[in-house]
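These notes are about the structure you will find just below.
This structure is a prediction, so every number in the text was calculated from the model and none was measured. Reminder, nothing fancy here: chain letters follow the sequence lines and each chain counts from 1.
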2 protein chains.
Amino acid sequence: MSVAAPPAASAAKSSAPRDLSRIYSIAELAREFAVTPRTIRFYEDEGLIKPRRQGTQRLYSAGDRARLGWILRGKRLGFSLAEIRQLLDLYHVDRTGLQQMRELLRRSRLHIEELERRRRDLDAQIGEFKDVETQVVAELRQRGVDPDSD
Amino acid sequence: MSVAAPPAASAAKSSAPRDLSRIYSIAELAREFAVTPRTIRFYEDEGLIKPRRQGTQRLYSAGDRARLGWILRGKRLGFSLAEIRQLLDLYHVDRTGLQQMRELLRRSRLHIEELERRRRDLDAQIGEFKDVETQVVAELRQRGVDPDSD
DNA sequence: ACCCACATTGACGTTTACGTAAACGTTAAC
DNA sequence: GTTAACGTTTACGTAAACGTCAATGTGGGT
């Protein structure tokens with residue numbers, strides 16, 4: 001899958017945009033999130049982001065940037081773009097009608113259950129690999145080797 | 001009709017094998033794990049499971065069954081089959097050589113880091129959707145509606 | 001005016017993870 | 001002995017998520 005998290009190129013690890021009114025070029029966002037411009041355009045084709053245009057060029061707001069980050073986090077969690085679109089929609093659906101709110105509540109709870117299932121899977125794997133680590137470290141120590149000397 | 005009663009077609013989700021020496025048919029495993037036989041054969045083509053053969057037919061041991069479960073959990077976590085294969089290999093690599101053990105340790109730790117990154121993503125999303133839930137519940141209550149009456 | 005880096009839109013190619021027939025063998029039941 | 005339920009291989013099809021040209025436009029610096 002290879003959806004690595006942002007490498008935090010500089011010390012600017014802050015997830016908060018420096019300036020709320022800043023605008024970003026496609027290449028800029030691509031660099032920051034370690035994806036290609038092609039990917040970002042593809043997400044637009046799929047209706048996941050809708051940047052402003054200056055003529056033909058795309059201009060991304062801080063909101064667009066955050067949205068892209070959200071999308072990529074969804075990807076890292078293994079959701080398809082279709083699912084991510086649905087999830088994003090949950091934040092923007094009409095919250096006035098009673099039925100809509102009930103529906104929103106229902107979907108949110110379903111999604112939370114899904115996420116908690118995943119966390120159980122995740123914790124199980126983490127446990128297994130920590131066991132491996134523990135065993136290997138013990139074995140190495142027994143052989144008189146320091147496990148942490150590179 | 002067979003001698004015994006039908007095995008309750010509903011999803012028997014018990015993760016513990018009834019009998020360690022039991023053998024399973026491909027359809028049986030497919031039902032239990034809610035995948036198609038095609039999927040299981042595909043995993044075999046990819047070198048992820050190697051069941052015994054009785055003539056041309058595949059016979060799955062309890063170990064094969066567990067392995068399949070492991071693979072599918074990996075999938076749920078969003079790993080590709082190639083990655084899953086690598087991870088499975090980590091349990092079977094030669095643990096005698098010093099360099100191999102160092103390498104195993106290194107990879108395990110890398111994988112654990114990866115998993116913990118994912119858990120951070122996961123917890124973040126869970127938090128967001130729990131916020132949504134909380135807000136919607138509050139809003140519904142304020143309108144004098146019970147959020148949990150279906 | 002020219003160059004260069006970056007932008008755009010098609011359009012076709014690629015990988016992954018299977019689905020979907022087709023054509024066939026095996027065993028058990030009736 | 002035929003049918004039904006299950007298994008097999010081989011092979012082509014497909015949806016998702018981009019990659020990779022190609023052809024073209026555009027804005028800024030010198």
Does A:Lys75 have a side-chain nitrogen or oxygen under 4.0 Å from the phosphate oxygens OP1 or OP2 of D:dC18?
-> yes
In whole angstroms, the gap separating P of C:dT9 from CZ of A:Arg38 amounts to 11 Å
A:Leu72 CG to D:dC18 P, in whole Å, measures 8 Å
Below 4.0 Å: OP1/OP2 of C:dG19 and any side-chain N or O of B:Thr39 = yes
Which residue, A:Ala27 or B:Thr36, contacts DNA chain C at a nucleotide closer to its 5' end, judged by nearest heavy atom?
-> A:Ala27
Just how far, in rounded Å, is P of D:dC6 from OH of B:Tyr60?
-> 16 Å
Side-chain contact check for A:Arg41: nearest option of C:dT8, D:dA17, C:dC6 is C:dT8
Are any of A:Tyr43's side-chain N or O atoms less than 4.0 Å away from OP1 or OP2 of D:dA17?
-> no
When rounded to whole Å, the CD to P distance for the pair B:Glu44 and D:dT10 reads 12 Å
B:Arg53 vs D:dT9: side-chain N/O to OP1/OP2 distance below 4.0 Å | yes
Looking at B:Asp148 and A:Arg109, does any basic side-chain N land under 4.0 Å from a carboxylate oxygen?
-> yes
5'-most by nearest nucleotide on DNA chain D - A:Phe42 or A:Gln54 | A:Phe42
OH of B:Tyr24 versus P of D:dG7: gap in Å, rounded?
-> 15 Å
Whole-Å distance separating the CG atom of B:Asp45 from the C1' atom of C:dA17 | 12 Å
NZ/NE/NH1/NH2 to OD/OE distance under 4.0 Å, A:Arg117 and A:Glu114 = yes
To the nearest angstrom, how far is B:Ile26 atom CD1 from C:dT27 atom P?
-> 17 Å
On DNA chain D, more 5' by nearest nucleotide between A:Ala82 and B:Arg58 is B:Arg58
Pair A:Gln125, B:Trp70: side-chain N/O donor-acceptor within cut-off below 3.5 Å | no
Would you kindly give the CG-to-P distance between A:Leu59 and C:dA7, to the nearest whole Å?
-> 11 Å
Is the centre of the B:Phe33 ring less than 6.0 Å from the centre of the B:Tyr24 ring?
-> no
Hey, does the Lys NZ or Arg CZ of A:Arg118 hover above the aromatic six-ring of A:Phe79, less than 6.0 Å from the centre and inside 45° of the axis?
-> yes
Within the pair B:Thr56 and C:dG25, is there a side-chain N or O less than 4.0 Å away from OP1 or OP2?
-> no
